[in-house]
Q: 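Once you've had a glance at the structure underneath, I'll fire off some questions.
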Amino acid sequence: MSELKDTIVGLLLKIAPEADAAEIKPNVDLRDQLDIDSMDHLNFVIAMAKQFGLEIPEKDYPRLTTLDDCVAYVQSRGT
Amino acid sequence: MSRTISYREALRDAHFQALSEDPRVFLVGEDVNCYGGTYAVSKGLADHFGADRVIDAPLSESGFVGAGIGAAMGGLRPIVEVMTVNFSLLALDQIVNAAATLRHMSGGQISVPLVIRMAMGAGRQLAAQHSHSLEGWYAHVPGLRVIAPATVADARGMLLTALADPDPVIIFEHVGLLALTDELPENAGAVEIDKAAVRREGSDVSLITWGGNLPKALEAAKQLEAASISAEVLDLRTLRPLDDAAIVATVSKTHRAVVIDEMWKTGSFAAEVCTRIVEQAFFELDAPLRRVCSAEVPIPYARHMELAALPSVARIVQAATEITRHE
Amino acid sequence: MSDFNMPSLGADMDEGEILAWKVKPGDSVRKGDVLLEVDTSKAAFDVEADHDGVVEEILVEPGHKVPVGTPIARIRQTGEAPAESKPVPAPEKAKAPQAPVKVAAPKSAGQAPHLRITPLARVVAKDLGVDPAKIERGSGIDGAITRADVERAAARHEEPHVVKAPPPPSGADKSKREGLRDAIAAAMSRSKREIPHYYLSQTIDLDPALNWLEKLNAGRPITERILSPVLLLKAVAHAIWEVPELNGYWIDGALNQSESVHLGVAISLHSGVIAPAIHDADDKSLEQLMAALADLVQRARHGTLKPAEMTDSTITVTNLGDRGPEAVYGVIYPPQVALVGFGAIAPRAMVIDGQLVARRSVIATLSADHRASDGHRGGLFLRAIARLLEHPESL
């Protein structure tokens, strides 16, 4: 669980290098707290898809809003 | 509480305060008692303080300035009024050879806490013998402090600070300023006499002057503003020692300067100011310096010729415009 | 043999710090090879060789900061004889980081004509890296070159136009942030000082475009999906064909229209906004544009943009994003002549065919330089964007 979270935080830091891993709040909108735009978010979703071997349809993007969301989403997709 | 008074009244108030507060202070000069002073600065003081402290002197500048120096050496605090600066030439030896040097010559044993006030300047049709501006001559001499009140507040306050100085101080009072009025607080008093004062803020050109030409510079700044040229006006106030920092500061801000001086241009005090700018702020200059001085003639008597010979608002505006305007 | 000089990596750069050399004396380099990494006040850049050759000598060591235009290496062009055969004394290496670097004075044989220039203008010219001898005529008294003339000259050429950055405070990160802030301050102040902006806005119905895009994306794997801002960029790039006077630079009192469309894309970093270019945006397919934008954003975040991308936009687009405000009226990045802004895409009440309906729409704005174009033409440009977005399949 925490390993999965660390992996996702690692992906986030790649698209938002100015962010501080320790400061990322698990239940706050990532785009708001990291001040990233839709392009950054898409890069993040692409990285998630590659990392976990998932096909993530466009309609699922809202399920990747917070860090906790992302963890739950990856778990629900059975990885 | 404040009240509106003239430059002349401010000088008189300063004398009144000085004579009231310090029994060592006395005023000596031609016609200062019975007549109330040629320019009516000491009018009424004799009634209050009597002939021992408001003393009519014989027509001998060398004599009564010398007496003032002696009194100062003896512990008194004399104010010597010299009717106009041209008459002070008769006392040059006393001022330059005695007052300015005695501290030095005595190895610091003797001080000369003397204040000499002189009327000066043209503009009142007093012709070639009574219209001089020679403050730069005195500012040349180490051992003297030379100040030039240009505002009512400075007329009110500079004398008191000058009296507190342990060394001789010469105060130049431009006759063109005597009728100037301004509002002063009831408790107006001594002012510092070390620093120049920015009388108006600006960014395009500095108008640097002192004494009688300050009102002209301020009026010129107003006219320049109408032409979208922002002029800063610096009142030097004290010509010796000169406030170099203030001069460098204003030139560093505006990068252009016009120095306005009623002395003749050759050897004028403006020349000293310009030289200091070039020495200390050369790389701040974005245009040649300009001087607005008196024409190189004895000051004429005829009104229109006298005005033509003196620095004027129009000439200041023209000089500032020349170095500020871009093609 | 030629000197390789500290390049200008942006109109607002006056000096750069060498972070690391990627080559050493004796190395052969090809045009495009990365030679070194340079830190400007904004970001770190890779600097590439501009021709093939052999590195003869490194003149400035890492950790040293030098003004733009200072020789930092010697590169012998392919085919040239090695320097050793020439009796040229090796130039002195820059020593201390703060040591003033001598910018070689123009070597004038005999007497150069005396320049009529004010002392201040001479100082400012040196600071800005401007050769005052190249200023044709001064505007000051008696034709003297004044500070204003030098600043105008600096602004005109690619020569850096900079309000000199204050000495960096402690902390490199802080100084970089302030450096970018200074650069933005200088560019934006200049823009508002010199450019007579006019502003237009138009609400554009995006339903057709977004419906089309959703259908397109549904059938595609995630890496091939197109984001809506890309559609907007494509529409801008094509609309420029119809009103070309919005694309280019205002230089020396005249419009220099650009043949190419290099779209500057405003990207907000923590330290401030930058606007690197997508080159030849009008020639790119949606897929290529998407890839270019994704790449640009990522490299902007990592500080690995190329110099050319930072300097040669011909028009800028600022998109404050799907969570941004309704509309943005931007400040033109000089010497460009136009800036297009997009606010948030949101459902709005619109009247279509006489019916009041809720449609997803965007407010497009144009800030343009009135010296280069007029409101009527600007209006045509916004209408062209709207028309192109009604038929996204044609993009």
Side-chain angles (χ1 to χ4, degrees), chain A residues 7-25 27-67 69-74 76-79, chain C residues 43-44 173-174 176-177 180 210-211 213-233 265-274 276 278 289-304 317-324 342 344-345 362:
Chain A
T7 305
I8 296 173
V9 167
L11 298 177
L12 280 172
L13 291 182
K14 276 192 190 143
I15 60 126
E18 290 166 309
D20 179 351
E23 297 275 295
I24 298 176
K25 299 183 188 74
N27 51 2
V28 174
D29 190 321
L30 289 169
R31 285 191 49 195
D32 286 346
Q33 61 171 320
L34 299 180
D35 193 18
I36 56 178
D37 61 21
S38 57
M39 182 58 77
D40 296 307
H41 192 249
L42 180 63
N43 280 333
F44 168 62
V45 174
I46 290 172
M48 289 271 288
K50 275 192 193 150
Q51 177 75 35
F52 300 109
L54 295 174
E55 174 53 40
I56 305 177
E58 203 167 18
K59 67 174 169 52
D60 281 0
Y61 292 178
R63 294 175 60 188
L64 302 170
T65 304
T66 69
L67 186 54
D69 284 349
C70 294
V71 172
Y73 182 81
V74 173
S76 78
R77 297 288 302 265
T79 311
Chain C
D173 187 50
K174 192 175 166 225
K176 179 163 295 177
R177 185 164 309 184
L180 179 53
L210 295 175
N211 288 336
L213 194 61
E214 276 152 22
K215 249 182 240 146
L216 184 80
N217 283 342
R220 292 184 168 195
I222 185 165
T223 47
E224 290 170 26
R225 287 173 203 155
I226 312 289
L227 280 178
S228 55
V230 172
L231 264 188
L232 302 178
L233 290 179
V265 184
I267 297 173
S268 176
L269 304 179
H270 286 195
S271 45
V273 67
I274 59 174
I278 297 180
L289 266 184
M290 178 68 196
L293 181 62
D295 174 55
L296 210 56
V297 168
Q298 199 139 18
R299 284 190 298 115
R301 300 255 184 257
H302 287 86
T304 54
V317 178
T318 181
N319 184 334
L320 291 191
D322 51 344
R323 298 181 179 195
F342 292 104
I345 297 171
V362 71

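Below, read A as the first sequence line, B as the second, and so on, with proteins coming before strands; counting in each chain starts at 1.
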Q: Hey, which of A:L42, A:I36, A:I15, A:D40 is the one that makes side-chain contact (heavy atoms from CB on, under 4.5 Å) with C:V297?
A: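 Only one option passes, and that is A:D40.
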Q: Find the distance between CG (C:L227) and CD (A:E58) and round it off to the nearest 0.5 Å.
A: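 Separation between the atoms: 7.5 Å.
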Q: Could you look at A:F44 and say if it's the side chain, the backbone, both or neither that has a heavy atom under 4.5 Å from chain C?
A: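 No part of it gets close to chain C.
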Q: Roughly how far apart are C:I345 CD1 and A:S38 OG, rounded to 0.5 Å?
A: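 Answer rounded to 0.5 Å: 8.5 Å.
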Q: Consider salt bridge (charged side-chain N to carboxylate O under 4.0 Å, His left out). Of A:D32, A:D35, A:D37, which one does C:R323 pass it with?
A: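 Output: one option passes, namely A:D32.
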Q: Relative to chain C, which segment of A:E55 carries a heavy atom at a distance below 4.5 Å: side chain, backbone, both, or neither?
A: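 Side chain only.
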Q: Considering non-hydrogen atoms only, spot the tightest contact between C:R225 and A:I56 and give its length.
A: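 Heavy atoms only, the tightest pair is NH1-O, 2.5 Å.
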Q: Side chain from CB out, backbone as N, CA, C, O: work out which of these in A:D29 comes under 4.5 Å of a heavy atom of chain C, or both, or neither.
A: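 The answer is the side chain of A:D29.
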Q: Rounded to the nearest 0.5 Å, what separates atom CD in C:E224 from atom CD1 in A:I46?
A: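 Answer rounded to 0.5 Å: 10.0 Å.
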Q: For A:A49 versus C:I222, what's the shortest heavy-atom pair and its separation?
A: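 Heavy atoms only, the tightest pair is CB-CG2, 4.0 Å.
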